[in-house]
Colleague: 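Got a structure for you, questions after.
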Amino acid sequence: MKKIILLITALIFSLGINAQLDRSIMPVGGPAPKIKLDKPKEFKLKNGIRVLVVENHKLPRINYSLRFNRNPIVEGDKSGVLSLLGSMLGNGTTNIPKDEFNEEVDYLGASINIGFGSGFAFTLTKNNERVLELFSDAIINPLLVEEEFEKEKEKLIEGLKSQKKDIDAISGRVAGALSYGKNHAYGEFITEQTINNIEFSDIIEYQQKYFTPNNVYIVAIGDVDYKNVKSLISEKFGEWKKGKTVIDPEPILTENVSLTEIDFIDLPTATQSSIQITNNVDLKMTDEDYFAALMANDILGGGGAGYLFKNLREDKGYTYGAYSSIGSNRYGVSKFRAGAKVRNMVTDSAVSEIVKEISRIRLERVDSELLKNAKAKYVGSFIRNAESPSTIAGYALNIKLNNLPDDYYESYLENINSVTESDVKRVANKYFKIGNSRIIVVGKGSDVVANLEEVGFPINYYDQYANPVAKPIFNKPIPDGLTGAKVINNYINAVGGRQNLESVNTLVIKADVTIPGAPFVPTAIIRQKLPNKSSFMIEANMQGQKITLSKTTFNGERGYNEAQGQRRDFEQDQLDESMKTRGIFEELYYTEDQLELVSINSVNYEDAYKVKVTIDGKSSHRYYSVKNGLLLSSEDTDNNNNVVTTNFGDYQTVENIKLPFYTEIPGQKLELKTTSIELNKELKDSSFCLLYTSPSPRDATLS
């Protein structure tokens, strides 16, 4: 399996170009900006809709934003109904079928997006009337059919399955539930069970109950004439009948923990840990602390110049990035968060460093230059954003929904610039409650908990759905007399026996590859031939043509990687690795002195023997099932010293040999689902033919 692992990891191959910039010259600052935002004109329809209009004739385009002004809804045991309804909206109307609706929107060069709480439309001026008609029709008369409901339900369930090993999804779900409670609008979450509780009738009920114009805002901004757009909106949305006003309770701010604690979620497949230090905050945009809180957060962890980033990435090298955030809303129910994703071995140290930096901004007066830079960052961002029509629409809505003063955004820069060093320290102590925080850690318990216990905070244990559990047994005792060599021998017997494995001279695997964000499903073709020839290729079928996306080939002496139309010969370390790889089943060639039985760990919630394999001074780990001896997972170190985990499953028998038909690389979110395996198929050496280029084209040789 090692050769397959190495070939798979070679898929992650890309080329980059770095621009060379002279950064020695300090840019000259411009004059202090003066912000003048267009004031919206307003009118109200009889059915309750409030409309804000901002005329901007610079470009022949118009943006519409629609927003329901309502409190968050607690879905309870049918959590997910809002998500399902939202996914079904904007795809046709009772007057226009889905395909015809989408085709006409595309033909008009427009866009229409509708969710449960909001809607957006963009159009060129010349198509304004028709696009507004389509937009209003999709909102007032949505096409909701049971067939579409079942499709969206299945997609939502599949999406949840893909999150089972996603440390970010787990961390967010558990943090929300523990911070607010599972019965809170901000704490409840969707599960497969709650989705299965939802019937199509629930979709219809929610749409009828909540899709009323009573508390709706519409913002029209762009190349419009006020009188004309007022007439059009009144015509298109005036027929929307007013319904019964439904007022759900406002969310309540829950108490923080009395003393800081670590809440740990064991994820045995995790190759890194997710750390999130969080506490609830009561903060509104109208509060006098609001702008100082923005500055304090930016200095702590708002970007590359923040305390967290400078410490955990630039100084310690623990992570690619460490950040913080502070939320606000009209209810005063939000959170402060600070954290990072780090290597398993430094989880405890990273927690200590994040706590240290939060304490630092609470105790020390910030440097005036840092505060100046933070202000400049917000000023620049605000000015850039103010050029966008969608941003102006958002500002107009914010003023209404958050009860802000009419000149709130015109005085925004003044309020930012008025923040002092003492303000930063004051709000940091008020909102960054390091003594009353939850430290949410999702990671591989067997690797991190022992050290995490030394940090000094009490540790509580939870499952992936925020249910309290007893402390897991991470490292179980190894049976007397069992060795790494015996575990490997058990594996060989479990998959078919030494004689059967040694009889395999060639291996050909074809598999479907799941790549995040790819609009197609590529095919992987893996070929191996004794003693160490190999080829790994990713193909995609596009418009009837097979296109090679990536290829790695080694002919026993030389090799190359190919991706994005570029070829690169193996570097010496990759060449050495390929040269020393023996056979198709590397376990056949392990010697006793290369193997160490380390422990019994949990892999995908199954007990597994952890075997350390050391060859030529380079170590890796293999995890073999205690129950059946099969290989469940492997950990290899790539050329950048990153640990690459590969999981194996769905073993099936092919010519008396058990082989995994499922392979996963969680760190890259890649899945390979095998469609066929052929053993001892004739493979000519030409299958591993390499065309090498040299500085001179005439020196090119075919090997």
Side-chain angles (χ1 to χ4, degrees), residues 37-70 89-96 100-101 104-105 107-144 207-247 389-401 403 406:
L37 300 176
D38 295 326
K39 293 284 187 182
K41 297 178 182 178
E42 299 183 33
F43 65 91
K44 184 177 179 180
L45 303 186
K46 291 181 180 180
N47 56 12
I49 297 177
R50 294 173 174 84
V51 183
L52 309 177
V53 180
V54 179
E55 295 187 32
N56 184 324
H57 302 286
K58 292 180 180 179
L59 294 171
R61 64 187 187 188
I62 305 165
N63 287 274
Y64 292 99
S65 300
L66 181 145
R67 174 76 177 270
F68 288 88
N69 180 18
R70 58 188 172 217
L89 295 169
N91 289 306
T93 78
T94 54
N95 302 308
I96 309 173
E100 290 183 22
F101 181 89
E104 184 171 4
V105 171
Y107 174 76
L108 294 171
S111 63
I112 294 176
N113 296 288
I114 302 171
F116 179 75
S118 60
F120 305 93
F122 164 81
T123 178
L124 299 174
T125 306
K126 63 180 181 179
N127 300 322
N128 180 36
E129 183 172 354
R130 180 54 180 162
V131 172
L132 189 60
E133 186 174 25
L134 292 170
F135 186 39
S136 62
D137 194 20
I139 290 171
I140 301 170
N141 306 302
L143 181 63
L144 303 174
Q207 191 275 331
Q208 293 175 347
K209 181 178 180 180
Y210 290 107
F211 256 66
T212 63
N214 305 23
N215 294 303
V216 166
Y217 281 96
I218 295 177
V219 179
I221 186 166
D223 188 24
V224 295
D225 173 77
Y226 174 73
K227 290 184 179 180
N228 181 50
V229 80
K230 180 179 180 180
S231 175
L232 281 175
I233 292 177
S234 298
E235 176 189 346
K236 307 304 180 185
F237 283 92
E239 65 182 66
W240 194 1
K241 294 183 180 180
K242 193 170 185 177
K244 181 181 178 182
T245 299
V246 179
I247 302 178
S390 60
T391 300
I392 301 301
Y395 290 165
L397 277 176
N398 267 344
I399 288 173
K400 296 295 182 182
L401 298 176
N403 299 315
D406 289 342

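Just so you know, residue 1 is the first one in the sequence shown, and it goes up from there.
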Colleague: List the atom of Gly90, the atom of Phe101, and the distance in Å for their closest heavy-atom pair.
Modeller: O-CE2, 3.6 Å
Colleague: Contact between Pro142 and Phe211 at the side-chain level, heavy atoms closer than 4.5 Å - yes or no?
Modeller: no
Colleague: Salt bridge (Lys or Arg N to Asp or Glu O under 4.0 Å) with Lys41: which residues, sequence neighbours excluded?
Modeller: Glu55
Colleague: Do any N or O atoms from the side chain of Asn56 and from the backbone of Lys58 form a donor-acceptor pair under 3.5 angstrom?
Modeller: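 Such a contact is found between Asn56 side chain and Lys58 backbone.
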Colleague: Is the side chain of Asn47 donor-acceptor paired with the backbone N or O of Trp240 at a distance under 3.5 Å, no angle test?
Modeller: yes
Colleague: Hey, could you give me the CD/CG distance between Glu100 and Leu134, rounded to the nearest 0.5 Å?
Modeller: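 The CG atom of Leu134 is 11.5 Å from CD of Glu100, to the nearest 0.5 Å.
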Colleague: Counting only heavy atoms not in Lys39, do more than 12 sit closer than 6.0 Å to its NZ atom?
Modeller: yes
Colleague: Tell me the closest heavy-atom pair linking Ile140 and Phe237, and the distance in Å.
Modeller: CD1-CA, 4.3 Å
Colleague: Mind checking whether Glu129 and Leu232 have side chains closer than 4.5 Å, heavy atoms only?
Modeller: yes
Colleague: Under 3.5 Å, side chain of Ser231 to main-chain N/O of Lys227, donor-acceptor pair present?
Modeller: no
Colleague: When rounded to the nearest 0.5 angstrom, what is the spacing between CG in Leu45 and NZ in Lys236?
Modeller: 13.5 Å
Colleague: Would a distance-only check, ignoring hydrogens and angles, find a side-chain to backbone donor-acceptor pair under 3.5 Å from Arg67 to Leu397?
Modeller: no
Colleague: Return the orientation label for the Phe135 and Tyr64 ring planes: parallel under 30°, perpendicular over 60°, tilted otherwise.
Modeller: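 Rings of Phe135 and Tyr64: tilted, as their planes differ by 30° to 60°.
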Colleague: How many angstroms lie between CD1 in Ile62 and CG in Asp223, if you round to the nearest 0.5 Å?
Modeller: 6.0 Å
Colleague: Rounded to the nearest 0.5 Å, how far does CG of Asn127 lie from OH of Tyr107?
Modeller: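 Those atoms lie 8.5 Å apart.
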Colleague: Can you tell me how far apart CZ (Phe43) and CD1 (Ile49) are? Round to the nearest 0.5 Å.
Modeller: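 One gets 9.0 Å once the value is rounded to the nearest 0.5 Å.
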Colleague: Could you tell me if the side chain of Leu66 sits less than 4.5 Å from the side chain of Val216, heavy atoms only?
Modeller: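 Heavy-atom side-chain distance check passes, below 4.5 Å.
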Colleague: Could you tell me if the side chain of Leu52 sits less than 4.5 Å from the side chain of Lys400, heavy atoms only?
Modeller: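 Of all side-chain heavy-atom pairs linking Leu52 with Lys400, at least one is under 4.5 Å.
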Colleague: Got a sec: does the CD of Glu42 have more than 12 other heavy atoms crowding it under 6.0 Å?
Modeller: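 Yes - once you tally the heavy atoms of other residues, nucleotides and ligands closer than 6.0 Å, there are more than 12.
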Colleague: Do Glu235 and Leu132 have side chains that approach each other closer than 4.5 Å (heavy atoms only, starting at C-beta)?
Modeller: no
Colleague: Does the side chain of Leu89 reach to within under 4.5 Å of the side chain of Leu144, using non-hydrogen atoms?
Modeller: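 Leu89 reaches Leu144 side chain to side chain.
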Colleague: Side-chain donor-acceptor contacts of residues 110-123 below 3.5 Å, not counting sequence neighbours, with atom names and distances?
Modeller:
none

Colleague: Can you measure from OG1 (Thr94) to CG (Asp137) and round to the nearest 0.5 angstrom?
Modeller: 6.0 Å
Colleague: Please find the pair of heavy atoms, one from Leu108 and one from Arg130, that lie closest to each other, and give the distance.
Modeller: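 So the minimum-distance heavy-atom pair works out to CD1-CG, 3.8 Å.
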Colleague: Judged by atom type as modelled, is there a donor-acceptor pair below 3.5 Å linking the side chain of Asn214 to the main-chain atoms of Gly243?
Modeller: yes
